[in-house]
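When a ligand or atom number is given, it counts from 1 through the structure's own listing order.
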Amino acid sequence: MSKYIIALDQGTTSSRTVIVDNEGTIIAIEQEEFEQIFPNSGWVEHDPKAILKSQLNTLHKVLTSSKIAVEDIAGIGITNQRETTVIWNKNTGEPIYNAIVWQDKRTANICEELKRKNLANHIKKTTGLIIDSYFSATKIHWILNNVPNAKKQALSGDLLFGTIDTWLLWNLTNGKVHATDYSNASRTMLYDIKNLQWDNKILEELEIPKNILPKVHPSSHTFGFYNLHGVSIPIGGIAGDQQAALFGQACFKKGEAKNTYGTGCFMLMNTGDEIQYSKNGLLTTIAWGINNKVYYALEGSVFVAGSAVQWLRDGLKIIETAEESEALADLVTEENPVYVVPAFAGLGAPYWDMYARGAVFGLTRDTGKNHLIKATLQSLAYQTKDVLDVMQKDSEVPLKTLKVDGGACANDLLMQFQADILNTTVERPENTETTVMGAAYLAGIAVGMWKQEDITVDRAIDTLFTPKFSSEKRNRLYKKWQKAVERTKNWLD
Ligand code: ADP
């Protein structure tokens with residue numbers, strides 16, 4: 001009899017649930033957006049209950065539309081926006097503050113304090129990360145120190161911290177399981193990725209009581225059970241969205257890499273079971289834990305990518321849909337003199353500047369909205385080049401093709417420009433839902449539906465984009481981009 005896996009993909013802008021059959025084919029999908037809350041300049045929040053509601057709505061809808069019996073669901077996998085921080089009261093289940101989202105910059109000054117205390121080396125060596133407000137650690141500190149009574153409640157054992165996977169897991173198991181996986185733990189800036197334990201020194205520095213932290217397990221593991229209409233379904237897989245995409249693209253071997261164009265842009269390269277530190281501004285992170293082993297990755301994180309396209313749509317209102325950006329950008333036939341540096345949330349890899357802010361360069365009297373649209377799309381490709389260049393330096397592995405996925409990789413103009421500016425072939429698979437597939441595979445392996453070696457990912461290629469620019473043109477355009485980036489740095493005092 002056919003068995004199925006349900007995979008939950010809790011993203012930054014929407015929640016999705018898919019059902020995957022035992023051939024690894026997605027047979028049903030539901031998606032729901034939820035509200036982005038911007039209470040102050042540089043602050044980004046989500047309502048944890050709205051996240052949970054949208055996730056459960058899509059889960060129930062997908063079950064109804066697929067008409068699959070609950071008894072035929074073999075397991076559930078979860079993948080999630082990473083670093084986003086929730087703290088809730090374990091007695092009432094109520095969050096004590098909104099979720100502070102990974103893009104939120106309010107804790108930059110707490111990071112400065114850590115740097116002043118010379119903790120950068122310790123943090124890099126232990127957690128693999130660069131001190132930045134991006135990660136959960138300083139967000140936890142902020143909530144505990146800014147919500148009345150929070151510190152006291154935390155010390156008395158009434159509060160729990162979780163990234164979004166943990167928040168969903170706790171709710172799906174009716175408050176029974178407070179846990180996360182290695183990949184998510186490695187994004188908190190509190191986790192020792194070598195010794196696989198929470199780091200006491202960083203906890204002390206940030207005054208975070210250990211009792212609020214979740215237990216950490218391998219990514220493919222039975223975390224607990226979700227009771228759905230009287231049937232107990234094992235929750236068998238958890239991984240942060242970028243690590244799940246690496247798994248979903250079947251980048252199982254050392255040196256294999258992918259680039260995801262979602263809200264942000266994230267390039268990850270599998271470095272096998274060895275920790276590799278970057279000399280050029282990349283992060284070291286846990287890829288996943290499976291079959292009693294832990295695997296690592298190098299990561300280049302770009303904070304603003306697809307969300308710059310959302311800014312064109314919702315902020316500037318010069319496009320109606322993200323898809324429309326392609327046709328309008330295509331109307332600019334000459335070389336685009338305009339550069340947009342979307343440093344809306346500072347700059348991530350490889351620059352790590354929390355004080356950079358966005359800017360537009362090269363405006364002249366004849367600049368029109370299509371130039372801005374094209375420059376915004378091009379900024380995704382330039383940022384990817386920034387990251388790929390340093391990844392090649394660090395890993396000494398020349399990349400022959402770039403495997404892509406994520407919402408914005410549907411944009412042909414962007415993908416062609418990406419190939420042109422990298423001078424590398426860009427490979428877009430037919431199935432770009434690799435993040436959610438990663439979560440499905442991890443869960444399916446834990447419940448015995450698949451073995452990792454059996455996962456012959458359907459690598460059917462949709463399009464190969466091959467580079468066309470001369471090296472003179474590529475270098476000239478990229479130099480201008482680098483000049484533009486320099487001018488956005490350290491904008492805030
Ligand atoms: P996430 O999982 O981070 O929420 P997705 O992978 O679902 O993101 O991708 C959605 C993002 O991709 C949005 O920010 C959207 O603006 C962008 N996007 C979607 N389609 C296109 C397109 N055709 N061209 C450019 N950007 C797009």
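Residues Tyr261 and Phe266 keep their aromatic ring centres 6.0 Å or farther apart.
When hydrogens are left out, the protein atom nearest atom 26 (N) of ligand 1 is Ala408 CB, 3.4 Å; that is the closest non-hydrogen contact. Among protein heavy atoms, atom 22 (C) of ligand 1 sits closest to Ala322 O, 3.7 Å. Here the protein heavy atom with the shortest distance to atom 4 (O) of ligand 1 is Thr13 OG1, 3.0 Å. Among protein heavy atoms, the minimum distance from atom 23 (N) of ligand 1 is reached at Glu323 CA, 3.6 Å. The protein heavy atom nearest to atom 10 (C) of ligand 1 is Gly407 CA, 4.1 Å.
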Where do Gln31 and Ser14 land on the side chain to side chain donor-acceptor pair (under 3.5 Å) test, with the steps shown first?
-> CA-CA 7 Å; Gln31 176 166 4; Ser14 70; 2.9 Å; yes
Is there a ring-ring contact (aromatic ring centres under 6.0 Å, His included) between Tyr295 and Tyr182 once you walk through the steps?
-> CA-CA 10 Å; Tyr295 295 86; Tyr182 291 135; over 10 Å; no
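The proximity of Arg16 to ligand 1, defined as any non-hydrogen pair under 4.0 Å, is limited to the side chain.
Applying the 4.0 Å criterion to heavy atoms of Gly406 picks out, from ligand 1, the atoms 6 (O). The ligand atoms of ligand 1 that sit less than 4.0 angstrom from a heavy atom of Ser325 are 24 (N), 25 (C).
The closest approach between any non-hydrogen atom of Glu326 and ligand 1 is not below 4.0 Å. Using a 4.0 angstrom heavy-atom cutoff, Gln81 does not count as in contact with ligand 1.
By the 30° and 60° cut-offs, the orientation of the rings of Trp352 relative to Phe303 is perpendicular. Note: Phe223 and His221 have perpendicular aromatic rings, judged against thresholds of 30 and 60 degrees for the angle between ring planes.
The side-chain tip of Arg487 does not point at the ring of Tyr339 from less than 6.0 angstrom away and within 45° of straight on. Relative to the six-membered ring of Tyr351, Lys489 misses at least one condition, a distance below 6.0 Å or an angle of at most 45° to the axis.
Shown here are the side chain to side chain contact (heavy atoms under 4.5 Å, CB included) partners of Thr12, two or more places apart in sequence or in another chain: Gln36, His46, Gln81, Val101, Trp102, Gln103, Thr263. With sequence neighbours left out, Arg357 forms a salt bridge (Lys or Arg N to Asp or Glu O under 4.0 Å) with no residue at all.
Inclusion of Val309 in the set of residues having an N or O under 3.5 Å from an N or O of ligand 1 is not warranted. Considering backbone and side-chain atoms alike, Gly306 places an N or O below 3.5 Å from some N or O of ligand 1. Taking distance alone, with nitrogen or oxygen atoms compared against 3.5 Å, Asn411 approaches ligand 1 more closely than that limit. Note: an N/O pair closer than 3.5 Å links Thr263 and ligand 1 by distance alone.
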